[in-house]
Amino acid sequence: MKIVDLRSDTLTRPTPAMSRAIAEAEVGDDVFGEDPTVNKLEAMAAERLGKEAALFVASGTMGNLVSLLAHCGRGDEIILGSLSHTFFFEQGGSAAVGGIHPRTIPNQPDGTLPLPEIEAAIRADNVHFPRTRLIVLENTHNLCSGYPLDADYMQAVGDIARRHDLKIHVDGARFFNAAVALGVTPDRLAAEADSISFCLSKGLAAPVGSMVCGSQDFIAGARRARKVLGGGMRQAGVLAAAGIVALTEMVDRLADDHAHARQLAEGLAEMPGVSIDLSQIKSNIVFFELRRADMTVEQFLKMLDEGSARMLPVGVGRIRAVTHYHISAEDIDYTLSVCAKILKA
Ligand code: TLP
C-alpha cells in the first residue's frame with residue numbers, strides 16, 4: 001500500500017527521465033573543471049537566475065555555508081532571521097567553521113525581516129563591534145509556512161544593502177517554488193541577491209545537489225570554500241544530469257504542489273482542534289497546530305502513520321506537511337479522510 005509521505009519534499013525520488021539522464025551522462029573530473037554535464041548545469045543555473053556563474057554543491061546546507069564563507073571573514077557579522085534555516089538547522093556552521101557572528105532578527109509570519117530592524121542591526125564603524133557584511137534572507141521561508149518573499153521586498157532590502165555597502169545572500173532552497181507562487185521569473189526575483197543557493201533535491205525532485213549562483217568572483221570564492229569542506233566531487237556529472245532534467249522539466253509543475261497544499265490546508269481547517277492560518281499557505285508547505293486535550297501531536301502522528309500517511313512534528317504542538325512530485329490530489333483526499341477519522345471530524 002502506498003504511504004502518503006508528506007514529511008518533506010526532500011523525499012522525492014528521481015523521475016524516469018532523470019534515471020535515463022544519469023545512466024547516459026557524459027562525465028569528466030569536475031575538480032579539473034572537465035565534467036561537461038556539471039559545466040552545462042552550472043551555466044544553465046546561472047542563466048536562469050540572471051547571474052554570471054554558478055557552482056554545483058552537495059546540499060543546501062553546503063550551498064549556504066560556502067556562500068557565507070565566500071562573503072565573510074572571521075569576526076564578520078551576518079544579519080539573518082531567528083527562524084531561518086541557516087540559523088536554526090545548520091549546526092551554526094558559519095560560526096563553527098568560518099568564525100562568522102550571527103545577528104538574528106525575529107522573522108515576521110510572512111518570512112520577512114522588518115526593514116527598520118535590519119537597518120538598526122547594522123553596526124557602526126566602532127572598535128568594539130564586529131563588521132556587518134551580509135544580510136541573509138530565505139525564500140520561500142520554510143518555518144514561515146513556505147511564504148514567498150516578493151520582488152518589492154527584495155528591492156527594499158537591496159536599497160538598505162546598497163546604502164550600507166552590504167551584500168545579500170538568499171537561501172533559496174525552494175526558490176523556484178517562490179517564483180512560481182508569485183508568478184515572477186526567477187531572474188527578476190533574484191535580481192537584488194549577490195548570491196543565491198537553491199536546491200535541486202527538494203520540489204525539483206533530483207536525488208542530490210544544490211546550486212549556488214552569483215558573480216564570477218563570488219563563485220571563485222565559493223569554489224575554494226567547497227574544496228576545503230571536502231565538496232570537490234569528481235565525475236559529478238551523473239548527479240548533475242538529474243539536475244538538468246530538474247531545471248528543464250520540473251519547475252512549472254510546482255504549481256500543482258501548491259494547489260495540493262491549499263487543498264490539504266482547507267480540509268484541515270475544517271477539523272476540530274486544528275488551528276491553521278489559511279492566509280499563510282502560498283506554496284507547498286502547510287503548518288498547523290493541534291489543540292486537543294485528548295491527543296498529543298505524537299499520538300496523532302502515530303495514528304496517521306497507521307493509516308499510511310506521514311507528517312512531521314516541528315516545534316511544540318506544530319505539524320508540517322509538504323506536498324511534492326509523488327503527491328496527487330487523490331493522496332490529499334485520502335490523507336484528509338484519515339485525519340477526519342482520527343479527529344472524528
Ligand atoms: N530543509 C529540510 C530540513 O533540514 C528541515 C526540510 O525537510 O525542509 N534551506 C532551507 C530553507 C531548507 O529547508 C533546507 C532543508 C536547507 C536549506 C538545507 O538543505 P539540505 O538538506 O540539502 O542540506
Side-chain angles (χ1 to χ4, degrees), residues 1-12 83-85 88-89 107-112 138-149 173-174 176-178 180-183 202-203 205 253-345:
M1 171 156 181
K2 176 176 178 173
I3 292 173
V4 182
D5 202 336
L6 295 159
R7 287 173 301 163
S8 184
D9 46 8
T10 59
L11 294 159
T12 45
L83 296 175
S84 63
H85 194 279
F88 224 85
F89 289 124
N107 282 104
Q108 301 305 292
D110 64 359
T112 59
E138 186 173 314
N139 201 6
T140 62
H141 200 291
N142 185 343
L143 285 183
C144 296
S145 294
Y147 214 98
L149 309 184
R174 298 182 178 84
F176 286 89
N177 292 87
V180 167
L182 295 165
K202 296 197 166 61
R253 63 152 307 285
L254 293 174
D256 297 342
D257 296 345
H258 300 176
H260 296 154
R262 176 133 288 271
Q263 181 191 347
L264 179 67
E266 285 174 358
L268 285 169
E270 302 291 312
M271 299 197 187
V274 169
S275 167
I276 184 166
D277 179 355
L278 289 177
S279 71
Q280 280 283 113
I281 315 301
K282 301 279 183 193
S283 65
N284 69 329
I285 300 182
V286 175
F287 270 96
F288 61 98
E289 280 177 35
L290 193 64
R291 296 190 182 149
R292 296 272 293 223
D294 59 339
M295 196 185 299
T296 64
V297 164
E298 288 66 32
Q299 286 165 337
F300 170 75
L301 292 176
K302 187 161 177 288
M303 287 187 268
L304 196 63
D305 201 303
E306 284 159 8
S308 298
R310 290 185 185 152
M311 298 180 188
L312 199 70
V314 179
V316 182
R318 285 182 96 204
I319 298 171
R320 187 185 79 164
V322 185
T323 54
H324 53 77
Y325 174 57
H326 303 297
I327 304 295
S328 64
E330 292 70 40
D331 293 331
I332 299 295
D333 282 338
Y334 172 76
T335 304
L336 287 170
S337 72
V338 178
C339 290
K341 259 187 235 147
I342 297 170
L343 299 170
K344 309 258 185 311

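Just so you know, these numbers use all the heavy atoms, side chains as well, and skip hydrogens, waters and symmetry mates.
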Pair listing, salt bridge (charged side-chain N to carboxylate O under 4.0 Å, His left out) test, anchored in residues 307-319, at least two apart: Asp5-Arg310, Asp305-Arg310

Intermediate values then yes/no, side-chain hydrogen bond (donor to acceptor under 3.5 Å, both in side chains), Asn177 and Asp257: CA-CA 9 Å; Asn177 292 87; Asp257 296 345; 5.2 Å; no

Would you name the heavy atoms of Ile327 and Val4 that are closest together and state the gap between them? CD1-CG1, 3.8 Å

Sequence neighbours excluded, the answer for side-chain hydrogen bond (donor to acceptor under 3.5 Å, both in side chains) partners of Ser145 is none

Minimal heavy-atom distance between Val338 and Leu304, with the atoms involved, is CG1-CD1, 3.9 Å

Which atom of Ser283 lies closest to which atom of Gly146, heavy atoms considered: OG-O, 2.6 Å

Heavy-atom closest contact (Ile281 atom, Ala265 atom, distance): CG1-CB, 3.8 Å

Apply side-chain contact (heavy atoms from CB on, under 4.5 Å) to residues Gln263 and His260 and explain how you reach the verdict. CA-CA 5 Å; Gln263 181 191 347; His260 296 154; 3.8 Å; yes

Looking at Pro313 and Val297, what are the two nearest heavy atoms and their distance? CB-CG1, 4.1 Å

Could I get the full list of side-chain hydrogen bond (donor to acceptor under 3.5 Å, both in side chains) partners for Glu298, not counting sequence neighbours? none

Look at the rings of His326 and His324 and say which category their plane angle falls in: under 30° parallel, 30 to 60° tilted, over 60° perpendicular. perpendicular

Taking Asp9 as the fixed residue, which of Arg174, Lys202, Arg320 is the one that meets the salt bridge (Lys or Arg N to Asp or Glu O under 4.0 Å) rule? Arg174

Would you sort out whether Leu336 and Glu270 count as a side-chain contact (heavy atoms from CB on, under 4.5 Å), showing the intermediate values? CA-CA 10 Å; Leu336 287 170; Glu270 302 291 312; over 6 Å; no

